[in-house]
Amino acid sequence: MGPSHVKMHAWCLPELRALGFNISPLQCKFEELLRYGDVEALTMKTSLSSSIPCFEHDQEAVQWIDVKIVLVAVPEHLMDASMQAAGDVTVHFSVKNTFHIPQQPPFSGETAPYEVKVAPCSDGDDGTRTVGLERSATDLHGQASFFIHADPDWEQDAFVVRVLRLTLEGTSGEW
């Protein structure tokens with residue numbers, strides 16, 4: 001049985017807002033994947049967005065970061081040796097960083113179309129991490145860091161990079 005409730009930590013929302021980000025509501029979906037032998041998965045998704053200057057186009061762009069965390073619990077009898085080393089619960093973190101850049105409208109008064117640029121992680125990573133869930137007697141913990149571009153002109157300009165740290169915490173009784 002999965003966790004009874006899922007939420008963002010109260011302290012992270014004001015900190016993200018202070019950095020200029022808007023946060024979408026956390027979406028959660030719990031599944032029992034019976035075809036895999038009682039594997040349980042909890043998928044959590046949210047998005048962060050922020051207006052940023054785009055000097056190449058002389059206007060504001062929107063940075064949009066999609067965050068997905070999937071918590072997977074595998075029964076011990078289905079684990080191979082590599083899975084047993086990681087533990088019975090793994091956390092899959094992924095991020096997708098895009099910039100929505102307004103283009104010049106052809107006529108005055110029209111809404112400008114947007115160019116969408118997908119920015120890879122600045123360290124060449126594919127934007128995914130899988131970690132074993134660390135457990136203590138009372139707590140669960142999993143964490144991953146991503147180096148993401150913070151500038152829509154990352155291809156031409158010097159790198160402006162942010163470190164996005166994602167952390168999943170819970171109580172041991174839930175998983």
Side-chain angles (χ1 to χ4, degrees), residues 2-31 33 40-72 89-133 140-170:
S4 57
H5 67 280
V6 177
K7 64 180 180 177
M8 288 188 191
H9 263 290
W11 58 262
C12 76
L13 300 176
E15 287 189 14
L16 285 167
R17 287 188 186 107
L19 293 170
F21 283 101
N22 295 310
I23 305 103
S24 71
L26 185 66
Q27 300 173 1
C28 299
K29 180 179 179 184
F30 180 76
E31 298 176 281
L33 307 172
E40 295 178 332
L42 176 65
T43 302
M44 297 159 278
K45 296 179 185 179
T46 191
S47 296
L48 310 174
S49 63
S50 179
S51 294
I52 55 173
C54 182
F55 299 110
E56 179 183 338
H57 297 87
D58 196 29
Q59 49 192 319
E60 293 256 311
V62 175
Q63 181 176 22
W64 194 273
I65 305 167
D66 292 317
V67 176
K68 182 177 176 182
I69 302 172
V70 181
L71 190 63
V72 179
V89 179
T90 56
V91 187
H92 307 273
F93 296 95
S94 65
V95 297
K96 181 180 178 185
N97 184 21
T98 57
F99 293 95
H100 299 250
I101 304 164
Q103 303 300 297
Q104 296 298 326
F107 301 104
S108 176
E110 289 188 6
T111 303
Y114 283 84
E115 172 190 3
V116 178
K117 292 171 65 175
V118 178
C121 287
S122 62
D123 61 356
D125 185 64
D126 67 353
T128 62
R129 303 267 191 291
T130 300
V131 298
L133 194 62
L140 305 171
H141 181 84
Q143 179 175 304
S145 295
F146 298 90
F147 296 91
I148 60 170
H149 291 285
D151 184 346
D153 302 321
W154 83 88
E155 297 158 313
Q156 285 85 23
D157 293 337
F159 281 17
V160 178
V161 176
R162 288 184 170 165
V163 178
L164 178 62
R165 247 181 224 103
L166 304 176
T167 302
L168 178 73
E169 296 175 341

Task: Sub-4.5 Å side-chain heavy-atom contact between Leu168 and Met44 - done: yes
- [ ] Heavy atoms only: give me the nearest Pro102-Tyr114 pair and the separation to one decimal.
- [x] N-CD2, 3.7 Å
Open item on the list: To the nearest 0.5 Å, what is the distance between OG on Ser94 and NZ on Lys45?
Closed with: 9.0 Å
Task: Backbone N/O of Leu26 and side chain of Thr46: donor-acceptor pair under 3.5 Å - done: no
Open item on the list: Under the rule for ring pair (Phe, Tyr, Trp, His ring centres under 6.0 Å), what residues qualify as partners of His149, not counting sequence neighbours?
Closed with: Trp154, Phe159
TODO: State, to 0.1 Å, how close Arg129 and Ser145 come at their nearest heavy-atom pair, and which atoms those are.
DONE: NH2-O, 2.9 Å
- [ ] Could you grab the distance from atom CG of Leu13 to atom CG of Asn22, nearest 0.5 Å is fine?
- [x] 11.5 Å
Task: Donor-acceptor contact below 3.5 Å, side chain Thr98 vs main chain Trp64 - done: yes
TODO: Would you check if Phe146 and Asn97 make a side-chain contact, meaning some heavy-atom pair closer than 4.5 Å?
DONE: no
Task: NZ on Lys96 to CG on Asp126, rounded to 0.5 Å - done: 13.5 Å
Task: Note, Leu19 side chain near Glu15 side chain (heavy atom, < 4.5 Å) - done: no
Task: Distance (rounded to the nearest 0.5 Å) between Asp151 CG and Ser122 OG - done: 11.5 Å
TODO: Verify, without hydrogens or angle tests, whether Arg165 (side chain) and Gln143 (backbone) share a donor-acceptor contact under 3.5 angstrom.
DONE: no
TODO: For residues His92 and Thr128, determine if any side-chain heavy atom of one lies less than 4.5 Å from a side-chain heavy atom of the other.
DONE: no
TODO: Please report the shortest heavy-atom distance between Gly127 and Asp125, naming the atom on each side.
DONE: N-OD2, 3.0 Å
Task: Close side-chain approach of Ile69 and Val91, heavy atoms under 4.5 Å - done: yes
TODO: Kindly say whether Gly20 contributes a backbone atom to a donor-acceptor pair with the side chain of Ser50 at under 3.5 angstrom?
DONE: yes
Task: Results of salt bridge (Lys or Arg N to Asp or Glu O under 4.0 Å) for Asp66 - residues two or more places apart only - done: none
- [ ] Provide the closest heavy-atom pair for Ile52 versus Ala150 in the form atom of the first, atom of the second, distance.
- [x] CD1-O, 3.6 Å
- [ ] Would you check if the side chain of Lys117 reaches a backbone N or O of Pro152 as a donor-acceptor pair within less than 3.5 Å?
- [x] yes
Task: From Phe99 atom CZ to Asp153 atom CG, the distance as rounded to the nearest 0.5 Å - done: 9.0 Å
TODO: Considering non-hydrogen atoms only, spot the tightest contact between Val70 and Val72 and give its length.
DONE: CG1-CG2, 3.7 Å
- [ ] To the nearest 0.5 Å, tell me how far Arg162 CZ sits from Ile148 CD1.
- [x] 6.5 Å
Open item on the list: Contact between Phe93 and Val131 at the side-chain level, heavy atoms closer than 4.5 Å - yes or no?
Closed with: yes
